[in-house]
> 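Handing you a structure now.
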Amino acid sequence: MPLNLYDTYARQQRPFAPIEPDKVRLYACGPTVYNFQHIGNYRTYIFEDILRRALEYSGYDVYHVVNITDVGHLTSDADTGEDKMEAGSRRTGQTAWEIAEQYTADFQEKLTWLNVLEPHIWCRATDHIQEQIDAISTIEEKGFAYRTEDGVYFDTSKLDDYGHLARLDIKGLQGGMRVDLGEKRRFTDFALWKLSPKNEQRQMEWDSPWGKGFPGWHIECTAMSTKYLGPRFDIHCGGEDHIPVHHTNEIAQAQVCYDTRLAEFWLHGAFLQLEGEKMSKSSGDFLRLESLIEKGYDALAYRFFCLGARYRAKLSFTWESIDGAATALNRLRAAAHSWGDPGTADEDYIAQFKERVEDDLNMPRVLALCWDLAGSNLPDDIKKATLLHFDQVMGLQLATWQPKAAAEIPAEIQAMAEKRQQARTDKDWAVADQMRDEITAAGYEVEDTPEGPRVSPLKS
RNA sequence: GGCGACGUGGCCAAGUGGUAAGGCAGGGGCCUGCAAAGCCCUUAUCCCCGGUUCGAUUCCGGGCGUCGCCUCCA
């Protein structure tokens with residue numbers, strides 16, 4: 001059975017088949033690096049990682065490209081907004097280039113924490129200015145662009161099916177328009193190249209046939225994705241917020257430049273809701289991965305949490321739910337660890353696993369299968385091998401997880417634990433219980449296992 | 001105002017035209033010196049009202065509610 005994926009363009013789930021046999025060319029929209037990413041952003045990268053792993057699991061040779069948007073973009077196409085990179089620069093005293101570098105590095109580091117596989121190509125918008133200028137030139141030569149006082153714009157009225165991806169109702173959108181058109185002819189028109197303000201020296205600006213300035217946001221993805229993957233590739237994905245504007249515009253540009261709709265499949269990850277509401281980066285108040293780590297959750301617990309919902313459904317983050325995910329993951333880890341070395345994976349479970357993955361990456365049902373497997377009466381070595389087989393797609397690093405080593409426990413705590421054990425041997429329960437209270441007070445817990453007492457740091 | 005999505009037990013969340021996976025939390029039990037861990041058992045009139053149907057949580061209509069997009073945004 002093939003892998004079935006929900007294609008936003010077709011608005012339906014359909015069997016995936018690559019353009020070129022055995023090869024999948026995948027492009028995922030990366031972050032704008034003017035600030036830290038929040039956990040909602042990472043939900044999307046986790047979804048894309050599951051997608052990539054599922055493709056590789058299905059036997060495809062995946063070529064994965066992710067962009068880094070390091071050009072400052074205005075907060076509004078009407079040229080009334082503030083440039084994010086320049087604003088960040090003013091806020092921190094760093095140059096726009098330093099800011100981009102810092103947040104890019106932070107983003108990439110966090111992905112490793114989440115066990116997200118690194119793309120084969122990272123591409124920065126600022127490293128591909130010429131490609132973008134070339135694409136804009138093509139669009140202009142073909143008559144789909146016009147110039148205004150402040151830049152070059154894409155003329156969306158020239159494309160009959162503009163907005164098909166998002167099923168845009170142009171007239172309806174116009175009614176609720178919240179921004180000034182400026183010199184744009186149509187409200188859906190968007191900037192291809194923005195000219196630098198007349199009497200202002202921008203930190204990031206380049207020469208172009210239209211004057212000194214910088215590229216519009218949408219052109220970078222069209223220019224870079226086609227550079228690395230060709231004018232028509234297999235899958236393009238990103239957050240669901242990209243459907244109405246960013247991806248719609250990428251497609252418009254590709255239609256003009258290459259007469260393609262860029263990708264065969266368009267996949268979109270749904271938002272993480274924070275206590276019922278969307279997490280907003282621009283409002284400045286958002287939950288970072290560090291915040292979770294500081295509270296004692298590990299990054300993979302967040303990954304596990306994300307696996308609990310389908311990628312196309314919004315997911316509500318509550319402390320109670322992340323707590324549940326952390327507990328569940330630890331139990332799964334402990335169980336897997338207790339199973340010892342892997343033997344041969346169970347074919348029956350593998351078949352069920354494949355079916356669930358192929359059902360548009362149904363990870364909640366994969367997790368359910370994990371618990372079913374754990375509770376089954378299969379031999380431990382088979383359970384272990386089967387779970388590790390699942391983990392090729394889940395990416396929870398279950399093969400390498402180890403319980404906290406005793407070596408990490410301070411000597412004084414160890415001594416207290418030994419004193420307690422002596423009391424237990426002497427059946428002096430009062431002293432034993434007192435020692436445990438003291439150990440607990442010191443931030444550790446002691447558990448009596450079949451192999452003897454085990455001391456570990458108290459959770460959170 | 002326009003467009004769209006969603007509303008499943010305390011929390012998160014699958015799923016289906018034939019009376020609802022899983023995890024977490026809660027309750028009961030086994031085990032334990034006591035605990036913890038583990039194991040077993042256990043908790044839902046699927047937002048409301050109509051309609052279609054032999055039968056709807058699942059399809060249709062209406063209502064209420066929540067959320068998203070229409071501005072940068074994963």
Side-chain angles (χ1 to χ4, degrees), chain A residues 28-32 34-35 37-48 69 72-78 80-84 87 163 166-180 187-188 217 237-246 268-273 276-283 286 304-305 307-310 312-332 334-335 338 356 359 362-372 375 423-424 427-430 432-433 436 440 445-450 453-454 456:
Chain A
C29 276
T32 304
Y34 68 95
N35 204 333
Q37 302 296 298
H38 55 59
I39 59 173
N41 297 120
Y42 288 115
R43 183 189 179 196
T44 299
Y45 299 108
I46 289 168
F47 141 61
E48 288 158 352
T69 299
H73 290 292
L74 303 177
T75 55
S76 152
D77 262 354
T80 54
E82 193 176 28
D83 181 293
K84 285 178 174 169
R167 308 294 192 265
L168 290 184
D169 172 1
I170 309 286
K171 284 197 181 102
L173 286 174
Q174 209 153 10
M177 198 168 60
R178 286 193 255 166
V179 292
D180 286 336
F187 70 102
T188 47
W217 176 35
C237 47
E240 61 177 344
D241 54 316
H242 283 155
I243 299 169
V245 179
H246 185 52
H268 296 94
F271 274 147
L272 178 78
Q273 309 272 310
E277 288 189 6
K278 163 187 165 178
M279 209 171 301
S280 174
K281 188 152 63 171
S282 49
S283 75
F286 54 85
F304 184 94
F305 168 77
L307 264 42
R310 302 202 66 165
R312 284 201 290 125
K314 68 179 168 59
L315 169 60
S316 266
F317 180 92
T318 65
W319 290 107
E320 203 175 349
S321 60
I322 184 72
D323 232 24
T327 303
L329 174 59
N330 280 331
R331 285 187 184 158
L332 193 61
S338 75
R356 294 167 192 216
D359 175 26
N362 195 330
M363 300 317 286
R365 294 198 67 214
V366 166
L367 288 185
L369 194 61
C370 289
W371 299 114
D372 184 87
R424 292 186 72 223
K427 297 198 187 296
D428 187 348
W429 310 127
D433 288 347
R436 177 161 52 206
T440 304
E445 68 178 341
V446 56
E447 298 163 273
D448 298 321
T449 72
R454 188 175 71 224
S456 55

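These figures come from a predicted structure and were not determined experimentally. To find a chain, count down the sequence lines: A is the first, B the second, and so on, and within it residues start at 1.
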> What is the separation between atom CD on A:E447 and atom P on B:G38, rounded to the nearest whole Å?
9 Å
> Would you indicate which nucleotide in B:A74, B:C24, B:A13 comes nearest to any side-chain atom of A:T327?
B:C24
> Determine which nucleotide pairs with B:G1, using a 3.5 Å limit on both distances of a Watson-Crick or G-U wobble pair.
B:C70
> For A:V366, check side-chain contact (heavy atoms from CB on, under 4.5 Å) against everything at least two apart and list the hits.
A:F353, A:R356, A:V357, A:M363, A:M394
> Base, sugar-phosphate, or nothing for A:P244, non-hydrogen atoms under 4.0 angstrom?
sugar-phosphate
> Which whole number of Å gives the distance between the C1' atom of B:G10 and that of B:C69?
32 Å
> Is it true that a side-chain atom of A:N330 and a backbone atom of A:T327 form a donor plus acceptor pair closer than 3.5 Å?
no
> Kindly write out the residues that satisfy side-chain contact (heavy atoms from CB on, under 4.5 Å) with A:R310, not counting sequence neighbours, or none if the list is empty.
A:D359, A:D360, A:N362, A:P364
> A side-chain contact here means heavy atoms from C-beta on lying under 4.5 Å apart; do A:I39 and A:F305 qualify?
no
> Look at all strands and tell whether A:F47 reaches a base, only sugar-phosphate, or nothing, counting heavy atoms closer than 4.0 Å.
nothing
> To the nearest Å, give me how far apart CG (A:L367) and P (B:C12) are.
17 Å
> I'd like a table of atom pairs between the protein and nucleotides 3-5 of chain B - only N or O on both sides, under 3.5 Å - with the distance next to each one.
none

> Please name all residues satisfying salt bridge (charged side-chain N to carboxylate O under 4.0 Å, His left out) with A:R365, sequence neighbours left out, ordered by chain then number.
none
> Which value, in whole Å, describes the distance between the P atoms of nucleotides B:G62 and B:C6?
16 Å
> Taking only the side-chain nitrogens and oxygens of A:R365, find out if one of them lies under 4.0 Å from OP1 or OP2 of B:A13.
no
> How would you list, by chain and number, every residue that makes a ring-ring contact (aromatic ring centres under 6.0 Å, His included) with A:H268, sequence neighbours excluded?
A:H247
> In chain order, what residues pass the ring-ring contact (aromatic ring centres under 6.0 Å, His included) check against A:F304, with sequence neighbours excluded?
none
> Heavy atoms from C-beta onward define the side chain here; which of B:A13, B:G23, B:G15 lies closest to that of A:A309?
B:A13
> If we take the P atom in both B:C67 and B:G29, what is their distance in whole Å?
42 Å
> Go through the structure and list residues passing side-chain contact (heavy atoms from CB on, under 4.5 Å) with A:T44, not counting sequence neighbours.
A:F47, A:E48
> Say you pick atom C1' in B:G23 and the same atom in B:G9; how far apart are they, in whole Å?
14 Å
> In this structure, how many angstroms lie between the C1' atom of B:C67 and the CD1 atom of A:I243, rounded?
15 Å
> Does A:H242 reach a base, just sugar-phosphate, or nothing at all? Heavy atoms under 4.0 Å.
sugar-phosphate
> Taking 4.0 Å as the cut-off, does a side-chain nitrogen or oxygen of A:N362 come that near to OP1 or OP2 on B:A21?
no
> Round to a whole Å and report the spacing from CD of A:E320 to P of B:G9.
13 Å
> Identify all pairs in which a protein N or O lies below 3.5 Å from an N or O of nucleotides 29-33 of chain B, and state each distance.
residue: B:G33; atom: O6; partner: A:R420; partner atom: NH2; Å: 3.4
residue: B:G33; atom: O6; partner: A:R424; partner atom: NE; Å: 3.3
residue: B:G33; atom: N1; partner: A:D433; partner atom: OD1; Å: 3.0
residue: B:G33; atom: N2; partner: A:D433; partner atom: OD1; Å: 3.2
residue: B:G33; atom: N2; partner: A:D433; partner atom: OD2; Å: 2.7

> Can you tell me, in whole Å, how much space there is between the P of B:C54 and that of B:A44?
30 Å
> If I pick the C1' atom on B:G22 and the same atom on B:G18, what distance separates them, to the nearest angstrom?
23 Å
> For A:R424, check salt bridge (charged side-chain N to carboxylate O under 4.0 Å, His left out) against everything at least two apart and list the hits.
A:D448
> Take the protein atom CG of A:L272 and the nucleotide atom P of B:C12, then report the distance between them rounded to whole Å.
12 Å
> Name the closest nucleotide to the A:A368 side chain, picking from B:C67, B:G22, B:A14.
B:G22
> Would you give the length of the straight line joining atom NE2 of A:H246 to atom SG of A:C29, rounded to the nearest 0.5 angstrom?
3.5 Å
> Would you mind classifying the nucleic acid contact of A:L315 as base, sugar-phosphate or nothing, using non-hydrogen atoms under 4.0 angstrom?
sugar-phosphate
